[in-house]
Each structure stands twice: as structure tokens, then as C-alpha cells.
Chemist: 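Quick one: the structure is below, and I'll ask about it shortly.
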Amino acid sequence: MAEHSYTSRRELDQYRFHPAVTLLAPLACILLQVELPKLWHYFSILDLPLIAVIFFAVARRSPISGTVTGTIIGLFQDGLTNLPFGVNGIAKGLVGYVAASIGFAVDADNILNRILLTFGFSLCHSGLFYLIEHWLLGDHTFRLLPLFQLLRAGANTIVAIPLFFLLDHFKQRE
């Protein structure tokens, strides 16, 4: 009788990345986030660092790693904007935690799941950003515009899917 080995979903689907990819991909997203809107202001609708957070958090499936990755990327993004330091760090850290946690429950390599996750986390990030600005910082000038947030989520999703396929080439099984 053959002996069967049971492996958890985490052991099957958890990935790691070469340190250069872990550093350079988010850094490129952050720098492009700063520079692209200078070329054409409509690029400001995108949140490329958020896309990097979602990809790495879901691929690693480690809530701690997702939180740290999201927080670091968000803090670097805060350092390059006029926003209060920590706003993106908090929001992206929370998205990283939840994305990594949900990564256990869904097949994150499925294109439909990637679309739904990216769209949903983009909306979630906008809501978190609003809560942080409005309730924690008391900035009542920031408005949450539903149609704009839906467009932003759609734009992030359209950009994220090819970017995810590109980054898939750098995945290494743990």
C-alpha cells in the first residue's frame, strides 16, 4: 500500500523571491508612482505601490510578511509625497495583512481571483485611506468619491494583471 503524504495549502503555494526582486520591484513601483503623473496627470489614478503590496502579500501567504511589506512600501511612498507620514504605511500594512491571510483561502494564481482581489483591495485601500485621513488625522477636506474609487480600482486591476504575470516569472517555491 502506498503511503500518502498530506501537505497543507501553505506548503504547496508559498513562494519566495530573490532579494533583488523583493527590493527592486516595489522600488520601481514607488518611483514610477512619483514620476508618471508628472508626464501625464491621469497616471495619478494608479497606485502602483499598492499593486506590489497585493502581489507580494498574496504570493508569500504570510500575514506578518504582508504587513511588514505593506508598511515599508507605504512609508517609502509617504516619504515621497506631501501626505502625513504614515498614512500609506498604515493602509498598505493592513491591506498586506489581509491579502496574505486571504491568500490561504483562494487560488491566487487564478486570473479571476487576481482580478477580484486587486479590485477589492483597491477599494479597501481607498476606504482605509479615508478612515485614516478623516478620523485619525481629522482632515475633513479629504473626500471619498465612489465613482472615482471604482475607476481607480478598475485602473489598478487593468495594470496589475500583466504586472502579476511578469512578476510570476520570479517566484521560487519555498
Chemist: When clusters are formed by joining ILVMFWY residues with side-chain heavy atoms under 4.5 Å apart, either directly or through shared neighbours, do Leu166 and Val21 land in the same one?
Modeler: yes
Chemist: Does some side-chain heavy atom of Pro63 sit less than 4.5 Å from a side-chain heavy atom of Phe104?
Modeler: yes
Chemist: Using modelled atom types only, decide if a donor and an acceptor are shared between the side chain of Ser126 and the backbone of Ser122 within a distance under 3.5 Å.
Modeler: yes
Chemist: Roughly how far, to the nearest 0.5 Å, is the CG atom of Asp109 from the CZ atom of Phe165?
Modeler: 8.5 Å
Chemist: Tell me which one of Thr157, Ile161, Asn156, Leu167 satisfies side chain to side chain contact (heavy atoms under 4.5 Å, CB included) with Ile51.
Modeler: Asn156
Chemist: Calculate, to the nearest 0.5 Å, the distance between atoms CG and CG belonging to Asn88 and Asp78 respectively.
Modeler: 4.5 Å
Chemist: Provide the closest heavy-atom pair for Lys171 versus Phe55 in the form atom of the first, atom of the second, distance.
Modeler: CE-CZ, 4.0 Å
Chemist: Within the 4.5 Å heavy-atom criterion, are Phe164 and Thr118 side-chain neighbours or not?
Modeler: yes
Chemist: Compare every heavy atom of Gln77 with every heavy atom of Gln33, then report the nearest pair and how far apart it is.
Modeler: CG-NE2, 3.9 Å
Chemist: Locate the shortest heavy-atom distance separating Arg60 from Ser65; write the atom from each residue and the value.
Modeler: CD-OG, 3.3 Å
Chemist: CG of Leu75 to OG1 of Thr71: how many Å apart, nearest 0.5 Å?
Modeler: 6.5 Å
Chemist: Should Leu144 and Leu46 be counted in the same cluster of Ile, Leu, Val, Met, Phe, Trp and Tyr side chains packed under 4.5 Å apart?
Modeler: yes
Chemist: Could you tell me whether the side chain of Arg173 reaches within less than 4.5 Å of the side chain of Tyr15, counting heavy atoms only?
Modeler: yes
Chemist: Hey, any chance Phe43 and Leu151 share a hydrophobic cluster, counting ILVMFWY side chains that come within less than 4.5 Å of each other, even indirectly?
Modeler: yes
Chemist: If you compare all heavy atoms of Gly154 against all heavy atoms of Phe119, which two are closest, and at what distance to 0.1 Å?
Modeler: N-CE1, 3.5 Å
Chemist: For the residue pair Ala108 and Arg114, what are the closest heavy atoms and their distance?
Modeler: O-NE, 2.8 Å
Chemist: For Leu116, is the CG atom crowded, meaning more than 12 foreign heavy atoms sit under 6.0 Å from it?
Modeler: yes
Chemist: In Å, rounded to the nearest 0.5 Å, how long is the span from CG of Leu24 to CZ of Phe170?
Modeler: 9.5 Å
Chemist: Hey, what do you get for CD (Glu133) to CZ (Arg143), rounding to the nearest 0.5 Å?
Modeler: 14.0 Å
Chemist: What residue pairs, at least two apart or across chains, pass side-chain hydrogen bond (donor to acceptor under 3.5 Å, both in side chains) with a residue in residues 41-54?
Modeler: Asp47-Lys92
Chemist: I'd like to know if Ile158 and Phe121 are part of one continuous hydrophobic network [Ile/Leu/Val/Met/Phe/Trp/Tyr, side-chain heavy atoms within less than 4.5 Å].
Modeler: no
Chemist: May I ask whether Leu36 and Val159 are part of the same hydrophobic cluster, defined by side-chain heavy atoms of I, L, V, M, F, W, Y residues being less than 4.5 angstrom apart, directly or through others?
Modeler: yes
Chemist: For Leu137 and Pro84, which heavy atoms make the closest approach, and how far apart are they?
Modeler: CD1-CG, 3.7 Å
Chemist: Who are the side chain to side chain contact (heavy atoms under 4.5 Å, CB included) partners of Leu128, not counting sequence neighbours?
Modeler: Ala91, Leu94, Val95, Cys124
Chemist: When Val53 is tested against each of Leu48, Ile72, Ile73 for side chain to side chain contact (heavy atoms under 4.5 Å, CB included), which residue passes?
Modeler: Ile73
Chemist: Could you tell me the separation between the OH atom of Tyr97 and the OG1 atom of Thr69, rounded to the nearest 0.5 Å?
Modeler: 14.5 Å
